[in-house]
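Hydrogens, waters and symmetry mates are skipped; everything else that's a heavy atom, side chains included, is used. Start at 1 and go down the list; that is how both ligands and their atoms are numbered.
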Amino acid sequence: MSTTDTRASAAQADGAAARASTVQVYDTTLRDGAQQEGMNLSVADKLAIAALLDELGVDYVEGGWPGAVPKDTEFFARAAKELDLSHARLAAFGSTCRAGAQPDEDPQVRALVDSEAGVITLVAKSDIRHVERALRTDGQENLRMISATVRHLVGLGREVVVDAEHFFDGYGFDPEYALSCVRAAFEAGAATVVLCDTNGGMLPDVVARVVTDVRARTTGRLGMHAHNDSGCAVANTLAAVAAGAGHVQGTINGYGERTGNADLVTCAANLELKQSAVTLPGLGDASRIAHAVSEITNIPPYTRQPYVGSSAFAHKAGLHASAIRVDPDLYQHIDPVTVGNDMRMLISEMAGRASIELKGRELGFDLSGQADLLARVTNRVKAAEADGYTYDAADASFELLLRSELDGGGPHFFDVESWRAFVEHRPSGNGADTIDAEATVKLRTGQGRMISTGEGNGPVNALDHALRGALVGTYPEIEDFELIDYRVRILDSQQGTDATIRVLIDTSDGVQRWSTVGVGTNIIEASWEALTESITWGLLHHGVEPR
Ligand SMILES: CC(=O)SCCNC(=O)CCNC(=O)[C@H](O)C(C)(C)COP(=O)(O)OP(=O)(O)OC[C@H]1O[C@@H](n2cnc3c(N)ncnc32)[C@H](O)[C@@H]1OP(=O)(O)O
Ligand SMILES: CC(=O)C(=O)O
């Protein structure tokens, strides 16, 4: 073991020794995550997400609030028949009984029992101001509500978790009252009392101090539920664990009310990989699972999300690449494989020869020892980027550039003789004028000269149709290629309509997706370049030989 390794291991061992390795991981995506603006999950969505969370290996999946939200009532009914969880326990969320009511008479509490969930999580007020102003009752009655509801559910054989709402604010205002709520829950048999930063405004030092105090003055497992309004939800969760909390709540991808909850994957990865405080059996699949949940919620993944984002291990700076070539650990905090992610090299004006060599390796080319070639490609990339190209968003165009240096010309599927596109406005006289676009492409393949005309709803669309028309006889494979995204950026906006234009095109064949770039002072010229590169890369990667 090297000196650096020894030092790193010692530091990690210190951290680990300070913590129990039994911190419970409790997911509230289906309840608090669903409180996110714009999120609307069907029962089928919830069942699918619950199965993914179980694969990840969380200890608890909170399914929602049966009795309050009809879909959640249905979720628990269907979960009992359809969900086969191998690791997680299903938790139903709800509130304590109402002021003045008995739990066995309260329909909300009955709905929790009827959900048949083995775990019931009760939200309880712990800030005296909320008790008096929101519940409109007094402190003693709130303690009775907590105590009676917990006792009732424990008596029915359920594991009870109590979420002490607004705990940190309440503790700051009246610590004795906030503590009496925690004690009431434990004395009635709650397995865990979760201290909630409901308004999400806490900072880690406050969380650490409060959790330490509460731990010294109560007995029982404490948990942490952090919202991210101060941008500190993950940090606050880790601070709570460092101060002795044995249960963490959060949501996958950090979904949740307002700015969201603590991102559970980030929390759990930190706790497992850096502190050995949790064991998440599916951590090695975390990236796939986080993205699969994004597909279901229909909320695009956050590319810079820690651990699982597509940029989490993407390296752009040339100096980083030169060190990574020696040892990836020099610029990465963990091995991406441990969370199911990949290291990627981004090629741009900031690339150096090491970046090109590593990108080449990623693409399947061994460029080691080819100093002249690496220098040539680096120089071409820098010059092209200065002209407006951007290769970190267009891997396919970079690959073609690299191959053109490697193969002395690269793959050559067709020779373009000429192309043209025009747009015609046709007045109708009745106000319903039409605008038609038409393009003609002339090119040669090994099978002869092809001339094709295409129409479209704009000149680029017409050109795309004409190009495909000219090629499809020789290369029928292109019928599978579909242009799925088209982005235009004006590079020097002060030049008005004379500006340089960059076009990025994403193409898919239903299995893989690739991106190409074109640049020109004319939007059609830039689009043509990106279109032809897209077809070339697609043919190449379908194993097609020039015909
Ligand atoms: C911090 C959190 O995020 S907790 C989770 C919050 N999630 C949700 O609110 C989503 C689901 N909520 C709902 O469907 C509805 O708000 C319901 C069914 C819970 C309540 O709806 P309604 O019965 O129409 O009541 P309304 O929303 O007007 O008021 C809430 C009532 O709950 C009471 N209440 C609030 N917190 C608690 C608590 N911890 N324990 C007991 N009662 C509570 C309030 O005092 C109020 O009582 P009131 O009807 O006597 O005034
Ligand atoms: C319970 C909960 O969701 C909160 O206090 O934020």
Side-chain angles (χ1 to χ4, degrees), residues 26-37 39-41 60 62-73 75 91-103 105-112 115 120-139 141-150 152-153 160-171 178 181-182 184-185 190 192-202 207 223-230 233 236-237 240 247-251 254-262 264:
Y26 182 109
D27 182 277
T28 176
T29 303
L30 302 180
R31 196 275 300 172
D32 212 337
Q35 289 174 218
Q36 172 161 319
E37 181 173 9
M39 186 172 318
N40 190 334
L41 300 174
Y60 297 89
E62 190 175 80
W65 189 336
V69 181
K71 267 193 279 186
D72 292 355
T73 310
F75 168 81
F93 178 92
S95 67
T96 60
C97 66
R98 297 285 180 112
Q102 292 303 322
E105 296 163 352
D106 189 314
Q108 291 284 353
V109 176
R110 199 167 317 125
L112 292 173
S115 75
I120 293 180
T121 299
L122 293 172
V123 59
K125 302 281 187 207
S126 59
D127 180 336
I128 189 66
R129 295 166 297 184
H130 279 261
V131 173
E132 291 172 356
R133 296 175 61 201
L135 279 184
R136 294 182 304 282
T137 188
D138 59 35
E141 173 60 2
N142 182 51
L143 292 178
R144 182 204 65 84
M145 289 155 67
I146 297 172
S147 190
T149 315
V150 173
H152 171 66
L153 295 170
V160 178
V161 175
V162 171
D163 280 1
E165 207 195 327
H166 292 105
F167 183 82
F168 293 89
D169 299 298
Y171 193 84
C181 296
V182 175
T192 307
V193 176
V194 182
L195 311 182
C196 300
D197 180 17
T198 307
N199 292 357
M202 291 296 136
V207 169
M224 181 70 197
H225 175 110
H227 280 269
N228 202 30
D229 302 69
S230 59
N236 286 342
T237 305
H247 167 116
V248 293
Q249 296 197 349
T251 58
Y255 300 134
E257 187 97 34
R258 305 185 307 280
T259 56
N261 286 65
L264 201 63

Ser95 and Leu122, any side-chain heavy atoms less than 4.5 Å apart: no
Atom 26 (P) of ligand 1 protein-contacted (non-hydrogen atom, under 4.0 angstrom): no
Distance flag for atom 19 (C) of ligand 1, protein heavy atom under 4.0 Å: yes
Protein contact of atom 46 (C) of ligand 1 - nearest heavy atom, named by residue and atom, plus distance: Arg98 NH1, 4.2 Å
Heavy atom of the protein closest to atom 2 (C) of ligand 1 (residue, atom name, distance): Arg31 NH1, 3.9 Å
Protein contact to atom 40 (N) of ligand 1 [nearest heavy atom, distance to 0.1 Å]: Thr96 OG1, 2.9 Å
Parallel, tilted or perpendicular: rings of His247 and Tyr26 (30°, 60°): tilted
Nearest non-hydrogen protein atom, atom 45 (O) of ligand 1: Ala134 O, 3.4 Å
Heavy-atom donor-acceptor pair, Asp197 side chain to Met202 backbone, under 3.5 Å: yes
Verdict with reasoning, Tyr60 to Thr121, per side chain to side chain donor-acceptor pair (under 3.5 Å): CA-CA 11 Å; Tyr60 297 89; Thr121 299; over 6 Å; no
Proximity to ligand 1 by part of Ala99, non-hydrogen separation under 4.0 Å: neither
Flag, side chain of Thr149 to backbone of Cys97, donor-acceptor distance under 3.5 Å: yes
Val161 and Glu62, any side-chain heavy atoms less than 4.5 Å apart: no
Which of the ligand 1 atoms, numbered from 1, are nearer than 4.0 Å to a heavy atom of Glu165: 1 (C)
Gln36 vs Asn261 side-chain heavy atoms within contact, under 4.5 Å: no
Check: Val182 and Ser126 side chains under 4.5 Å, non-hydrogen atoms: no
Closest protein heavy atom to atom 13 (C) of ligand 1, given as residue, atom name and distance to 0.1 Å: Ala68 CB, 4.1 Å
Heavy-atom donor-acceptor pair, Ser230 side chain to Gly200 backbone, under 3.5 Å: yes
Heavy atom of protein closer than 4.0 angstrom to atom 32 (O) of ligand 1: yes
Protein heavy atom under 4.0 Å of atom 15 (C) of ligand 1: no
Sidechain-backbone polar pair: Thr259 side chain, Asn228 backbone, donor-acceptor under 3.5 Å: yes
Donor-acceptor contact below 3.5 Å, side chain Asn199 vs main chain Gly201: no
pair Thr137-Val131: side-chain heavy atoms closer than 4.5 Å: yes
Part of Glu257 within contact of ligand 1 (heavy atoms, under 4.0 Å): neither
Test item: Phe167 and Met224 side chains (from C-beta on) under 4.5 Å apart, heavy atoms: no
Polar contact flag for Arg136 and ligand 1 (N/O pairs, less than 3.5 Å): yes
Heteroatom proximity flag, Trp65 to ligand 1, N/O under 3.5 Å: no
Any Gln108 heavy atom less than 4.0 Å to ligand 1: yes
Which of the ligand 1 atoms, numbered from 1, are nearer than 4.0 Å to a heavy atom of Met145: 41 (C)
Check: Phe93 N/O within less than 3.5 Å of ligand 1 N/O: no
Ligand-side contact atoms (ligand 1) for residue partner Cys97, heavy atom cut-off under 4.0 Å: 41 (C)
Gln35 N/O under 3.5 Å from ligand 1 N/O: yes
Working for side chain to side chain contact (heavy atoms under 4.5 Å, CB included), residues Val109 and Leu153: CA-CA 9 Å; Val109 176; Leu153 295 170; 4.2 Å; yes
Any non-hydrogen protein atom less than 4.0 Å away from atom 48 (P) of ligand 1: yes
Side chains of His225 and Asp32, donor plus acceptor under 3.5 Å: yes
Protein heavy atom at shortest distance from atom 38 (C) of ligand 1: Ser95 CB, 3.8 Å
Under 3.5 Å donor-acceptor, Arg258 side chain and His227 backbone: no
Sorted by chain and number, the residues that approach ligand 2 to under 4.0 Å with a heavy atom: Arg31, Asp32, Asp163, Glu165, Cys196, Thr198, His225, His227
Chi angles and distances behind the side chain to side chain contact (heavy atoms under 4.5 Å, CB included) call for Asp163, Gln249: CA-CA 10 Å; Asp163 280 1; Gln249 296 197 349; 3.2 Å; yes
Which residue and heavy atom of the protein sit nearest atom 34 (N) of ligand 1, plus the separation: Leu135 CD2, 3.5 Å
Nearest-contact summary for atom 39 (N) of ligand 1 - protein heavy atom, Å: Val123 O, 3.2 Å
